[in-house]
Amino acid sequence: MLFNTKSLAGTKCCCRYQKDYIARADSRSESATLECIKFYTDGRIRFEQHCYGEAACCVFSLWAKDVDETGTIHWDFPSKGYYDANVLPHTLNRIDESGYLYFDDDCRPWKLSAELDCDVPAGYSKWKMFLRRILHY
């Protein structure tokens, strides 16, 4: 199956998908972390893991340039710093009729949580997105 990350990004800056831990009866009903993946209109992908609670923060984030024709995401692993490759989605298996994404043969879907106009922490300001739209790049 051929996946197009630009179509997953929506029409603005990016679409943010969150992993749903409540989809299976035998899965944990609450997780200590929140995983999300963002697909940007320029084709790039960003994964973020956040922790909950009083010390809520971003645990780590990674970038990928695109998804290949088999659905495999090629992450840009840093030479230094923390990341947990076990929580990263590796292969996009399918997209169901509701628009939910399924990675690595897991039955827990990644649901669309927001379509963003900009994503300043990731380097996509409103000004940059405005220029991308008028210059069509």
Side-chain angles (χ1 to χ4, degrees):
M1 181 178 266
L2 196 57
F3 297 104
N4 182 351
T5 56
K6 291 183 182 183
S7 67
L8 294 173
T11 58
K12 298 178 181 179
C13 171
C14 67
C15 282
R16 180 180 191 269
Y17 295 83
Q18 284 182 199
K19 189 171 187 179
D20 183 16
Y21 282 107
I22 306 173
R24 277 184 27 195
D26 64 339
S27 70
R28 54 188 172 183
S29 61
E30 290 187 33
S31 173
T33 61
L34 166 73
E35 287 85 27
C36 70
I37 190 166
K38 297 176 185 174
F39 293 92
Y40 293 89
T41 54
D42 62 2
R44 295 185 72 201
I45 304 165
R46 182 175 176 86
F47 174 86
E48 297 174 347
Q49 183 183 49
H50 300 271
C51 64
Y52 288 126
E54 292 179 18
C57 64
C58 182
V59 177
F60 76 95
S61 63
L62 284 179
W63 286 98
K65 290 190 174 129
D66 207 345
V67 175
D68 68 17
E69 58 276 350
T70 65
T72 303
I73 300 173
H74 299 283
W75 297 105
D76 295 329
F77 293 107
S79 57
K80 294 192 257 182
Y82 171 80
Y83 62 89
D84 185 356
N86 295 324
V87 300
L88 291 171
H90 296 286
T91 304
L92 179 58
N93 299 112
R94 68 184 176 97
I95 303 170
D96 70 11
E97 59 279 348
S98 300
Y100 298 164
L101 310 180
Y102 292 86
F103 291 94
D104 305 320
D105 296 321
D106 192 356
C107 66
R108 294 173 293 193
W110 291 68
K111 297 180 177 180
L112 178 64
S113 63
E115 186 173 1
L116 306 174
D117 292 325
C118 64
D119 189 7
V120 176
Y124 292 86
S125 66
K126 285 187 178 186
W127 179 245
K128 180 177 181 177
M129 295 312 301
F130 172 74
L131 289 175
R132 283 184 53 82
R133 280 191 289 277
I134 64 169
L135 298 176
H136 304 288
Y137 74 93

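All values below come from the heavy atoms of this structure, side chains included, with hydrogens, waters and symmetry mates left out.
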Considering residues at least two apart in sequence or located in another chain, which fulfil the side-chain contact (heavy atoms from CB on, under 4.5 Å) criterion with [X]?
X	result
Ala64	Ile45, Ile73, Trp75
Val59	Gln49, Cys51, Tyr82
Ser113	Arg16, Gln18

By side-chain hydrogen bond (donor to acceptor under 3.5 Å, both in side chains), which residues pair with [X], not counting sequence neighbours?
X	answer
His90	none
Lys65	none
Arg44	none
Thr11	Glu115

For the [atom1] atom of [X] and the [atom2] atom of [Y], what is their distance to the nearest 0.5 Å?
X	Y	atom1	atom2	answer
Phe39	Ser7	CZ	OG	9.0 Å
Leu34	Lys19	CG	NZ	11.0 Å
Leu101	Asp106	CG	CG	12.0 Å
Cys13	Leu116	SG	CG	6.5 Å
Lys111	Arg108	NZ	CZ	13.0 Å

Where is the tightest heavy-atom contact between [X] and [Y], given as atom of each residue plus distance?
X	Y	value
Phe47	Val87	CZ-O, 3.8 Å
Leu88	Phe77	CD1-CE2, 3.5 Å
Thr70	Thr91	O-CG2, 4.0 Å
Leu112	Cys15	CD1-CB, 3.6 Å
Pro78	Leu62	CD-CD2, 3.3 Å

Review point. Taking everything shown except Phe60 itself, do over 12 heavy atoms lie less than 6.0 Å from its CZ?
Key: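 Yes, CZ of Phe60 has more than 12 neighbouring heavy atoms, counting only those of other groups under 6.0 Å.
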
**Study point:** Donor-acceptor under 3.5 Å (Asn93 side chain, Asp104 main chain)
**Key:**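 Side chain of Asn93 to backbone of Asp104, a donor-acceptor pair under 3.5 Å: yes, one is there.
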
Point to revise | Asp119 with Arg46: basic N within carboxylate O range, under 4.0 Å | key: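 Looking at Arg46 together with Asp119, the answer is no, because their closest N to O distance does not fall below 4.0 Å.
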
Check your understanding: Under the ring pair (Phe, Tyr, Trp, His ring centres under 6.0 Å) test, which residues partner Phe103, sequence neighbours left out?
Key ->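 Trp110.
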
Check your understanding: Please walk me through it: do Leu8 and Leu92 pass side chain to side chain contact (heavy atoms under 4.5 Å, CB included)?
Key -> CA-CA 12 Å; Leu8 294 173; Leu92 179 58; 4.1 Å; yes

Review point. With a 4.5 Å limit on heavy-atom distance, are the side chains of Ile37 and Pro89 in contact?
Key: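 Yes, side chains in contact.
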
Exercise for review: Could you note down all residue pairs passing salt bridge (Lys or Arg N to Asp or Glu O under 4.0 Å) where residues 71-85 supplies at least one of them, sequence neighbours left out?
Suggested key: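 Found none.
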
Review point. Which ILVMFWY residues can you reach from Tyr124 by hopping between side chains whose heavy atoms are under 4.5 Å apart?
Key: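 Listed partners: Tyr40, Trp63, Met129.
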
Practice item. Could you list the residues that satisfy salt bridge (charged side-chain N to carboxylate O under 4.0 Å, His left out) with Asp117, not counting sequence neighbours? Key: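 Partners of Asp117 under the salt bridge (charged side-chain N to carboxylate O under 4.0 Å, His left out) test: Lys12.
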
